[in-house]
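To start, the structure under review is shown below, and the notes come after it.
Given the structure is predicted, the values throughout are model-derived calculations rather than measurements. Residue numbers begin at 1 in each chain, while the letters A, B, ... track the order of the sequences. Basis for what follows: all heavy atoms, side chains included, without hydrogens, waters or symmetry-related copies.
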Amino acid sequence: MLLIDLARTSAAVAADSARLAKIRHLAELLSRVEPAEAEIAVAYLSGELPQRQIGVGWATLRDLPGPRQIASATLTEVDALFTQIKTQTGPGSQAVRKALISDLFRSLTSQEQSFLLRLLGGELRQGALNGVMIEAVAKAASVPSAEVRRALTLRGWLPAVGAAALTGGVEALRSFHLEVGRPVAPMLAQSAPNLPAALLKIGGPVAFEWKLDGIRVQTHRSGDRVKVFTRTLDDITPQVPELVDAALSLAADDLVLDGEVIAMRPDGRPEPFQVTAARVASKLDVERLRETTPLQVFFFDALRVHGKDMLDLPDSERHTALEQAVPATLLIPRLVTADAEEATAFYTDALRRGHEGVVAKSPATPYAAGRRGAGWIKVKPRHTLDLVVLAAEWGHGRRQGKLSNLHLGARDPHTGDFVMLGKTFKGLTDELLTWQTEHFPTLADGPTDTAVVTLRPELVVEIAFDGVQRSPRYPGGLALRFARVLRYRPDKPPTEADTIETVRSLLL
DNA sequence: TTCCGACAGTGGGGTCGCAAT
DNA sequence: ATTGCGACCCCACTATCGGAA
């Protein structure tokens, strides 16, 4: 199949806003792809590469050659080139990558170029990713989408599942099993603003567990072989030897566990997320890091114990099996209750100990991997501050032509100036975006046709955020975590905005 | 007819390892 | 030695479609 076929389909998908129409376009193409190219087609049209990453980003994609008129590139050829690019390494490799990409682009039409630019840039922007592609695969292969979903849960990689469905139908999909050593799509949580809301969503008794601010880890053990995967199914086994040891210390030797790994201080309080993230990302001298920044693992779910798959069992049964297989020191604290007061005490205790919050779980739900079902609901405290808008950036994609990303500042009471604490584009409605775009030019302190439009510090905005972290980037050495807009405060003058000292006092 | 679950999109800060400067 | 880049860790929120109620 030709790349231009995919590029045309992608354009048609982007042009139709209805999901069912997108699915029709995708299914039409998938139903005529050769078996050998099925995985490539499913990958490209859902924004992935069969190679996952090939070391090419936006910087490499700048200043590429112009298009030609005739489309001739096949999927197989492009895929082979991407594999070649991925294998480049060592001095000079970046230049080779760039040369290979340039050669490819010289042979492409403008429609093919546009498609690959978005694909390699990681922003397909056709309104169809995994969720829509699952339906398209099901339609093209004439199989129920539930079968595709089930296989995807167990395999964790849609291009492989899609290719299996297209070439082998339901039978091929049913051959996917939980395989020890191969990661499963992790179950994700929804969020609720507070405990009562979480209790209400689930109803009946609820299992509450501490939410630790660390890194999600899926741990597989078969005999003396252990593998550890992140939320995005990347293998981090070499970086977490403590976790490998913990898994090997268990009596059960055929298991898959879900948990969180986190760096703990000697006094038992958790390190800030930055410390855990740096530790887990480090690949050099892990043995030394093990002493300076030890990791601890806390398991909260069991997908397989003693060789028995438990994904379809209710949470309460999985947890019973977990308790039997894992000592209490390796378990996340958990309380099952229907009582709001007990739940509140558990929550405040978790926060007092420095943790992020709690996750409320329905004892009845199976391990619904890969979907944010209502089975798990996270609850975290929310802080707010009144900050000053220092600048705004022009948006991209559906925010093209709108002033979007806000630069936020806190007041310095000594100088009267404002100290930048980060940016946010979250929480803005279309109405607010339109208002900003019309109103901000009247506040502009300079040109408005630049990427960043500087404003006079006159507008106060109420911002919600999860916490304060140390920043090497901003002048105050502080940044807000997960900042989002709640509302503008035209009633409040900037001289009454919150101060940098208030923000600093939140860094504990 | 209305409601609501699922999905895609829009990006945020921090950190690492590697290659280039 | 420092900078730029790609990748990946954490993540909130809104708009939209279309099936469920």
Side-chain angles (χ1 to χ4, degrees), chain A residues 14 16-23 46-47 52-62 88-98 120-135 149 188-191 193 212-217 230-234 236 239 260-262 272-284 356 370-374 378 380 382 393 395-400 402 404-408 421-433 463-474 478-486:
Chain A
D16 263 315
S17 67
R19 274 213 291 273
L20 295 179
K22 293 177 190 290
I23 291 165
S46 56
R52 289 209 158 209
Q53 310 298 339
I54 62 169
V56 168
W58 284 112
T60 314
L61 299 172
R62 282 199 292 255
Q88 300 301 316
T89 174
S93 59
Q94 237 171 60
V96 175
R97 280 204 184 96
K98 176 86 182 183
L120 293 172
E123 290 174 333
L124 204 50
R125 287 178 175 153
Q126 60 179 20
L129 294 171
N130 266 11
V132 172
M133 181 56 89
I134 285 169
E135 301 297 330
R149 267 181 208 286
L188 304 174
Q190 297 183 334
S191 56
L212 306 185
D213 195 6
I215 290 181
R216 184 83 175 268
V217 280
T230 64
R231 198 175 88 84
T232 47
L233 311 188
D234 292 288
I236 55 162
Q239 289 113 285
E260 189 92 358
V261 74
I262 186 168
F273 173 73
Q274 283 161 304
V275 173
T276 297
R279 164 61 217 272
V280 172
S282 294
K283 295 176 181 173
L284 305 175
E356 203 182 2
R371 302 195 90 176
R372 281 182 199 272
K378 58 188 167 188
K380 299 188 285 184
R382 191 190 78 172
E393 297 176 14
H396 302 91
R398 71 182 300 282
R399 292 189 178 186
Q400 185 93 42
K402 295 280 169 63
S404 173
N405 204 1
L406 308 177
H407 296 200
L408 304 170
L421 286 174
K423 311 177 186 181
T424 185
F425 53 89
K426 298 171 187 167
L428 295 167
T429 60
D430 284 1
E431 196 185 349
L432 228 38
L433 287 165
I463 296 294
F465 61 101
D466 278 19
V468 178
Q469 59 190 6
R470 289 182 203 286
S471 170
R473 174 179 314 212
Y474 292 114
L478 302 171
L480 302 182
R481 197 154 174 222
F482 309 135
R484 58 265 190 194
V485 172
L486 291 181

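Distances shown here put every side-chain N or O of R216(A) at or beyond 4.0 Å from the OP1 or OP2 atom of dC8(C). For Q274(A) and dT15(B), the shortest distance from a side-chain N or O to OP1 or OP2 is below 4.0 Å. Close to dG13(B), at under 4.0 Å from its OP1 or OP2, lies no side-chain N or O of S471(A). Regarding contacts with the backbone of dG6(C), a side-chain N or O of T60(A) is found under 4.0 angstrom from either OP1 or OP2. For dT10(B), the OP1/OP2 oxygens have a side-chain nitrogen or oxygen of R125(A) closer than 4.0 Å. Regarding contacts with the backbone of dG18(C), every side-chain N or O of R19(A) stays at 4.0 angstrom or more from both OP1 and OP2. T89(A) has a side-chain polar atom (N or O) that falls below the 4.0 Å cut-off from OP1 or OP2 of dA19(B). OP1 or OP2 of dC17(C) has not a single side-chain nitrogen or oxygen of K22(A) nearer than 4.0 Å. For dC18(B), neither phosphate oxygen OP1 nor OP2 lies less than 4.0 angstrom from any side-chain nitrogen or oxygen of Q94(A).
Residue contacts shown for K423(A) are limited to sugar-phosphate atoms, with no base heavy atom under 4.0 Å away. Residue contacts for S191(A): at a heavy-atom cut-off of 4.0 Å it reaches no nucleic acid atom on any strand shown.
With salt bridges taken as basic N to acidic carboxylate O contacts below 4.0 Å, none links R399(A) and D430(A). Electrostatic pairing of K423(A) and E393(A) counts as a salt bridge here, judged by a charged N lying under 4.0 Å from a carboxylate O. With respect to the salt-bridge test (charged N to carboxylate O, under 4.0 angstrom), the residues R481(A) and D213(A) qualify.
Judged by the 6.0 Å and 45° rule, R382(A) forms no cation-pi pair with F482(A).
Each of dG19(C), dA6(B), dA19(B) was ranked by its minimum atom distance to the side chain of L20(A); first place goes to dG19(C).
Taking the nucleotide of DNA chain C with the nearest heavy atom to each of T232(A) and A21(A), the more 5' of the two is matched to T232(A).
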